[in-house]
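First up is the structure itself, then whatever we jot down about it.
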Amino acid sequence: MLGLGAERLRADMNRLLALLFHQGVLDEQFLQLQQLQDATSPNFVSEVVNIYFNESEKLLRNLRGLLLDREFSDYKKMGIHLNQFMGSSSSIGAKRVRNVCVAFRAASEQNNRPGCLRGLELLEHEYCYLKNKLHELFHLEQQRLLAAGVRYPMQN
C-alpha cells in the first residue's frame, strides 16, 4: 500500500505535463530544465521558474506602465522588455508565452498601439495560465514527495 499515493500523484503530474505539451504551453526546453534537477538540488526547477515569475511580473508591470501612458511613443523600450521576456520564456520552455511575445514585438515594431494593447492582454492571459499550471505541477510534486516519504509504524 505504501507508495500508491505517490504513484497516483506521479501519474497526475505526467498527465498535466502531457496536457501542457499538447496545448503548446511548454516545449522540450522545460524537459531539459527538469533534467538538471537532481538529489543535490531537488528544487532546482521550481527555483528557476520562480525567478522567471518574479522577473516576468516586473516586465509585465513595465509594459503595462508604458502602454497606459497616454503620451507613450517609446516602442524601442517596449521591444527591449519584450526581448527580455522572450529570452527568459524560451529558457524555461514557456512556448506559448514566447510566441505571444513575438507577435507583441511585431506590433511594437510597427508602432501599432492597439496591436500592443491586444498583445499585452494576450501576454497577461498566457502568463497567468502558465503560472497557474506550473504552480499546480509543483504542488503535485510536493505532495508526491511527501507521499513517497511517509512511513507507517509497524502494527503489533
Side-chain angles (χ1 to χ4, degrees), residues 8-147:
R8 182 185 53 77
L9 290 164
R10 180 179 296 285
D12 290 347
M13 288 174 57
N14 289 338
R15 276 192 293 276
L16 178 56
L17 272 175
L19 173 69
L20 295 176
F21 279 94
H22 178 72
Q23 292 175 334
V25 173
L26 296 176
D27 65 21
E28 63 281 345
Q29 184 62 34
F30 188 79
L31 295 177
Q32 291 176 10
L33 191 64
Q34 285 184 312
Q35 290 172 353
L36 296 174
Q37 185 166 294
D38 60 19
T40 62
S41 57
N43 299 318
F44 178 75
V45 175
S46 65
E47 289 170 2
V48 169
V49 169
N50 280 321
I51 291 168
Y52 166 78
F53 288 152
N54 290 333
E55 292 303 311
S56 295
E57 289 178 19
K58 289 177 195 172
L59 290 169
L60 283 169
R61 273 193 305 276
N62 291 339
L63 289 166
R64 198 176 308 109
L66 286 171
L67 279 169
L68 291 178
D69 179 1
R70 292 272 180 222
E71 305 299 317
F72 172 71
S73 63
D74 194 353
Y75 288 94
K76 185 174 181 173
K77 189 172 188 177
M78 181 174 294
I80 291 168
H81 291 314
L82 287 166
N83 284 338
Q84 290 173 322
F85 213 147
M86 280 190 311
S88 60
S89 296
S90 292
S91 71
I92 68 152
K95 182 179 177 181
R96 272 195 350 208
V97 170
R98 181 187 52 80
N99 290 345
V100 169
C101 287
V102 170
F104 189 168
R105 186 179 63 182
S108 75
E109 287 171 349
Q110 297 170 359
N111 297 346
N112 178 348
R113 185 182 176 92
C116 288
L117 288 167
R118 282 190 304 277
L120 177 63
E121 183 180 338
L122 187 55
L123 182 56
E124 288 175 330
H125 171 79
E126 288 298 334
Y127 171 77
C128 285
Y129 184 78
L130 173 73
K131 186 175 181 179
N132 288 336
K133 291 300 179 183
L134 289 181
H135 277 308
E136 183 180 340
L137 181 69
F138 298 146
H139 181 70
L140 287 169
E141 173 71 3
Q142 287 176 338
Q143 288 181 312
R144 185 190 66 78
L145 292 172
L146 286 172

- Task: Give a yes or no on whether a salt bridge exists between Glu57 and Arg64, defined as a side-chain N under 4.0 angstrom from a carboxylate O.
- Result: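 Here Glu57 does not pair with Arg64 in a salt bridge, since their nearest N and O are not under 4.0 Å apart.
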- Electrostatic pair Glu136:Lys133 at N-O distance under 4.0 angstrom: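 Salt bridge present between Glu136 and Lys133.
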Can you tell if the side chain of [X] reaches within under 4.5 Å of the side chain of [Y], non-hydrogen atoms only?
{"X": "Asp69", "Y": "Asp74", "answer": "no"}
{"X": "Leu120", "Y": "Leu60", "answer": "yes"}
{"X": "Tyr127", "Y": "Phe53", "answer": "yes"}
{"X": "Ser88", "Y": "Glu55", "answer": "no"}
{"X": "Phe30", "Y": "Leu17", "answer": "yes"}
{"X": "Leu146", "Y": "Gln143", "answer": "no"}
{"X": "Phe104", "Y": "Leu122", "answer": "no"}
{"X": "Asn50", "Y": "Phe138", "answer": "no"}

Nearest 0.5 Å please: distance from the [atom1] atom of [X] over to the [atom2] atom of [Y].
{"X": "Asn62", "Y": "Ile80", "atom1": "CG", "atom2": "CD1", "answer": "11.5 Å"}
{"X": "Glu141", "Y": "Leu16", "atom1": "CD", "atom2": "CG", "answer": "12.0 Å"}
{"X": "Leu9", "Y": "Asn14", "atom1": "CG", "atom2": "CG", "answer": "11.0 Å"}
{"X": "Met86", "Y": "Arg98", "atom1": "CE", "atom2": "CZ", "answer": "8.5 Å"}
{"X": "Cys116", "Y": "Gln110", "atom1": "SG", "atom2": "CD", "answer": "9.0 Å"}
{"X": "Ser91", "Y": "Leu33", "atom1": "OG", "atom2": "CG", "answer": "7.5 Å"}

- Query: With distance as the sole criterion, is a donor-acceptor pair present between the side chains of Ser41 and Asp38 under 3.5 Å?
  - Reply: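 Note: Ser41 and Asp38 side chains meet the donor-acceptor criterion.
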- Message: Distance alone, cut at 3.5 Å: any donor-acceptor contact between the side chains of Ser89 and Tyr52?
- Response: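 The criterion, which ignores hydrogens and geometry beyond distance, is satisfied for Tyr52 and Ser89.
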Donor-acceptor pair, distance only, cut-off 3.5 Å: does the side chain of [X] make one with the backbone of [Y]?
{"X": "Gln29", "Y": "Ile92", "answer": "no"}
{"X": "Gln37", "Y": "Pro42", "answer": "yes"}
{"X": "Arg113", "Y": "Leu67", "answer": "yes"}
{"X": "Arg96", "Y": "Gln23", "answer": "yes"}

- Could you tell me which residues satisfy salt bridge (Lys or Arg N to Asp or Glu O under 4.0 Å) with Arg15, sequence neighbours excluded, listed by chain and number?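 Testing Arg15 for salt bridge (Lys or Arg N to Asp or Glu O under 4.0 Å), a comparison that skips the adjacent residues, returns Asp12.
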- Look at the rings of His125 and Tyr129 and say which category their plane angle falls in: under 30° parallel, 30 to 60° tilted, over 60° perpendicular.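 Answer is parallel, since the angle falls under 30°.
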- Task: Work out which heavy atom in Gln84 is nearest to a heavy atom in Leu59; give both atom names and the distance.
- Result: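 It is OE1-CD2, 3.1 Å.
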- Query: If you look at every heavy atom in Leu63 and Met78, which pair is closest and at what distance?
  - Reply: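 Here Leu63 and Met78 meet closest at CD2-CG, 3.6 Å.
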- Message: Show, in sequence, the C-alpha distance, side-chain angles and deciding distance for Lys95 and Glu28, and conclude whether the salt bridge (Lys or Arg N to Asp or Glu O under 4.0 Å) test is met.
- Response: CA-CA 9 Å; Lys95 182 179 177 181; Glu28 63 281 345; over 6 Å; no
- Please identify each residue that fulfils ring-ring contact (aromatic ring centres under 6.0 Å, His included) with Tyr75, with sequence neighbours left out.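 Expected list: Phe72.
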- Derivation of the side-chain contact (heavy atoms from CB on, under 4.5 Å) call for Leu82 and Leu123: CA-CA 10 Å; Leu82 287 166; Leu123 182 56; 4.3 Å; yes
- Query: Has His139 got more than 12 heavy atoms of other residues, nucleotides or ligands less than 6.0 Å from its NE2?
  - Reply: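 It does not: His139 NE2 has 12 such atoms or fewer within range.
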